[in-house]
Number of protein chains: 2
Amino acid sequence: MGVTDLTTAENAGDAVDLGILGSMIGYHLRRALGAFNIDYARAVAGTGIRQGLFGILSVIAANPGISQGMVGRALGIQRANMVALINELVGMGYVDREASPDDRRAFSLTLTAAGHAMLQESAVRIREHEELMLAGLTAAQRRSLAAMLAEIAAVEI
Amino acid sequence: MGVTDLTTAENAGDAVDLGILGSMIGYHLRRALGAFNIDYARAVAGTGIRQGLFGILSVIAANPGISQGMVGRALGIQRANMVALINELVGMGYVDREASPDDRRAFSLTLTAAGHAMLQESAVRIREHEELMLAGLTAAQRRSLAAMLAEIAAVEI
DNA sequence: TATTGTTATACTCTATAACTATA
DNA sequence: TATAGTTATAGAGTATAACAATA
């Protein structure tokens with residue numbers, strides 16, 4: 001791993017002291033995700049598969065027939081925000097939405113053949129993107145990082 | 001650290017398989033930051049100091065007289081987006097904005113006494129918030145996490 | 001009563017393009 | 001010509017409240 005100084009920001013040759021901010025994990029989380037987001041957009045350019053859409057495709061693929069609400073709860077997406085996302089995926093021809101046989105309020109979601117193909121294609125691109133972003137970390141460090149992030153995400157607030 | 005399963009999401013007793021998504025660092029980064037953001041808002045409620053504003057206060061405190069553009073570059077905030085943020089902080093009485101003696105295009109920023117006080121108060125709240133979010137990690141793990149995140153944020157895209 | 005999906009809405013963050021005044 | 005700050009604008013993510021249909 002490089003000799004990254006946590007307390008300063010380097011830009012165009014200028015090193016600026018971040019003050020107390022540099023010691024805060026939340027700040028580094030934000031900057032790391034910002035870098036991830038920029039490269040994610042590059043990696044999937046042209047596919048129309050934003051991060052949220054990829055997550056939905058992945059969860060439906062792993063749980064065919066799952067309801068819209070269950071997908072949202074698994075991914076931390078509000079019910080209200082799921083509507084437009086599922087509409088997009090249905091409109092793109094990647095998701096089939098049918099009335100659930102068990103519960104007439106709910107929808108049963110499955111991937112179409114095109115949806116499976118797009119999931120595979122975008123997964124390949126995203127893997128390459130992650131490889132680029134994590135090139136400075138060993139496999140053990142990546143596992144440790146993922147575990148720590150999952151631990152944080154699971155904190156009961 | 002807890003026995004967090006990276007491949008499933010637990011919600012109200014339901015364990016949902018995330019599929020390929022569960023193996024992606026970018027996803028765990030997003031969820032961890034989401035949890036951080038929710039608790040950050042709780043921690044600073046009533047202060048009006050959002051994450052971006054805190055960062056700006058911290059950088060100005062560590063670099064009195066710094067220009068608006070330098071602050072933005074240090075924090076990864078676009079020039080265009082800095083304007084409203086600095087306006088807010090000036091309006092709140094936390095930042096003094098004066099014409100730079102060296103360069104009449106630029107502004108020289110310093111904290112007011114109230115700005116220093118608010119930085120201190122919000123820093124205390126944010127430290128408590130980070131302690132809560134990182135309770136499951138040892139000090140060594142926190143250092144490792146911060147270093148890995150800084151490494152990721154520094155990747156040349 | 002509670003839940004599913006829906007609509008409407010709003011706030012924050014981020015991004016780009018074009019303008020002005022200075023350098 | 002390049003840079004500092006500004007304005008306008010747009011996309012994406014996330015949040016809440018209220019509603020209809022169904023459980």
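We name chains A, B, ... by the order of the sequence lines, and we start the count at 1 in each one.
Of the candidate nucleotides D/dG13, D/dT6, C/dG5, C/dG5 has the atom lying nearest to any side-chain atom of A/Val83.
Phosphate proximity of D/dG5 to B/Arg97: absent, as no side-chain N or O sits under 4.0 Å from OP1 or OP2. Checking the phosphate oxygens (OP1, OP2) of D/dA12, no side-chain nitrogen or oxygen of A/Gln51 falls inside 4.0 Å.
Within the structure, every pair that satisfies the side chain to side chain donor-acceptor pair (under 3.5 Å) test and touches residues 16-28 of chain A, not counting sequence neighbours, is listed here: A/Ser23-B/Arg127, A/Tyr27-A/Arg31.
B/Tyr94 has its ring centre no less than 6.0 Å from the ring centre of B/His116.
If one axis is set at each end of the helix from C/dT1-D/dA23 to C/dA23-D/dT1 from five pairs, those axes are 0° apart, to 10°.
Atom CD1 of A/Ile20 and atom CD1 of B/Ile126 lie 8.0 Å apart (nearest 0.5 Å). Interatomic distance, A/Arg73 CZ to A/Met82 CE, rounded to the nearest 0.5 Å: 10.0 Å.
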**OP:** Could you encode protein contacts along nucleotides 15-23 of chain C as a string, one character per nucleotide from 5' to 3', using B for base contact, S for sugar-phosphate-only contact and - for no contact, with a heavy-atom cut-off of under 4.0 Å?
**Re:** BBB---BBS
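The backbone N or O of B/Gly69 lies less than 3.5 Å from no partner atom in the side chain of B/Arg79, so there is not a single donor-acceptor pair. Without hydrogens or angle criteria, B/Gln68 side chain to B/Ile86 main chain gives no donor-acceptor distance under 3.5 Å. Between the side chain of A/Gln51 and the main chain of A/Asn37, no donor-acceptor pair closer than 3.5 Å is present.
Distance B/Ile77 CD1 to D/dG5 P: 13 Å, rounded to the nearest Å.
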